[in-house]
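Inspection log for the structure reproduced underneath, given as structure tokens.
Residue indices begin at 1 and follow the sequence shown.
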Amino acid sequence: LNDQWAEFKLEKGAILGLHAIPPAIADTIVIEDPPAIREETPIKLVFETANVAAEAQRLEQQGVVLIQRPWGSWDGLDPEGNVFGLTETV
């Protein structure tokens, strides 16, 4: 909606809202290259795709760090190390 807040409408009336990090906090964040994995956060975004393997390959070509889990699923890291998931549309 503006440069500080974004909303994404989800199914069944849910809305995901994301806000910008205040500058005082953002200035304390160290972004490592490659990013350090931040798996202790209480939220994980999961993105649906028609073909997880093809999407994982596309993301890797873009320089995204990906993790193939022992159980076969794929996760990726955003530039700050937050983990996101990929799932195949059923």
Checklist line | Sequence-distant partners of Ser73, side chain to side chain donor-acceptor pair (under 3.5 Å), two or more places apart | finding: Trp71
Notebook entry, point to check: Could you state the interatomic distance from NE2 (His19) to CG (Asn2), rounded to the nearest 0.5 Å?
Noted result: 12.5 Å
Check: Taking only residues at least two apart or on different chains, which pairs with a member in residues 80-90 satisfy side chain to side chain donor-acceptor pair (under 3.5 Å)?
Finding: Asp78-Asn82
Next item on the list: Output every pair passing salt bridge (Lys or Arg N to Asp or Glu O under 4.0 Å) with a member in residues 43-53, not counting sequence neighbours, ordered by first then second residue.
Entry: Lys44-Asp75
Next item on the list: Could I get the full list of side chain to side chain donor-acceptor pair (under 3.5 Å) partners for Arg58, not counting sequence neighbours?
Entry: Glu55
Check: Under the 4.5 Å side-chain heavy-atom rule for ILVMFWY, direct or indirect, which residues accompany Val30?
Finding: none
Next item on the list: Taking salt bridge (charged side-chain N to carboxylate O under 4.0 Å, His left out) as the test, write out the residues that go with Glu39, two or more places apart.
Entry: Arg69
Notebook entry, point to check: In the hydrophobic cluster built from side-chain contacts under 4.5 Å, what are the other members alongside Leu18?
Noted result: Phe8, Leu10, Leu16, Leu45, Phe47, Val52, Leu59, Val64, Leu66, Trp74, Phe84, Leu86
Next item on the list: Any chance you could pull the hydrophobic cluster mates of Val65, using side-chain heavy atoms under 4.5 angstrom and chaining through other members?
Entry: Ile37, Ile67, Leu77, Val83
Next item on the list: Count the heavy atoms of every other residue, nucleotide or ligand shown that sit under 6.0 Å from CD of Glu40, and state whether that count exceeds 12.
Entry: yes
Note to self: Could you work out, with side chain to side chain contact (heavy atoms under 4.5 Å, CB included) as the rule, every residue matching Ile43, not counting sequence neighbours?
What the structure shows: none
Margin query: Tell me every residue that passes side chain to side chain contact (heavy atoms under 4.5 Å, CB included) with Gln61, counting only those two or more places apart in sequence or in another chain.
Written below: Gln57
Checklist line | side chain to side chain donor-acceptor pair (under 3.5 Å) pairs, two or more places apart, involving residues 24-34 | finding: none
Margin query: Holding to side chain to side chain contact (heavy atoms under 4.5 Å, CB included), I want the full list of residues that pass it with Pro79, two or more places apart in sequence or in another chain.
Written below: none
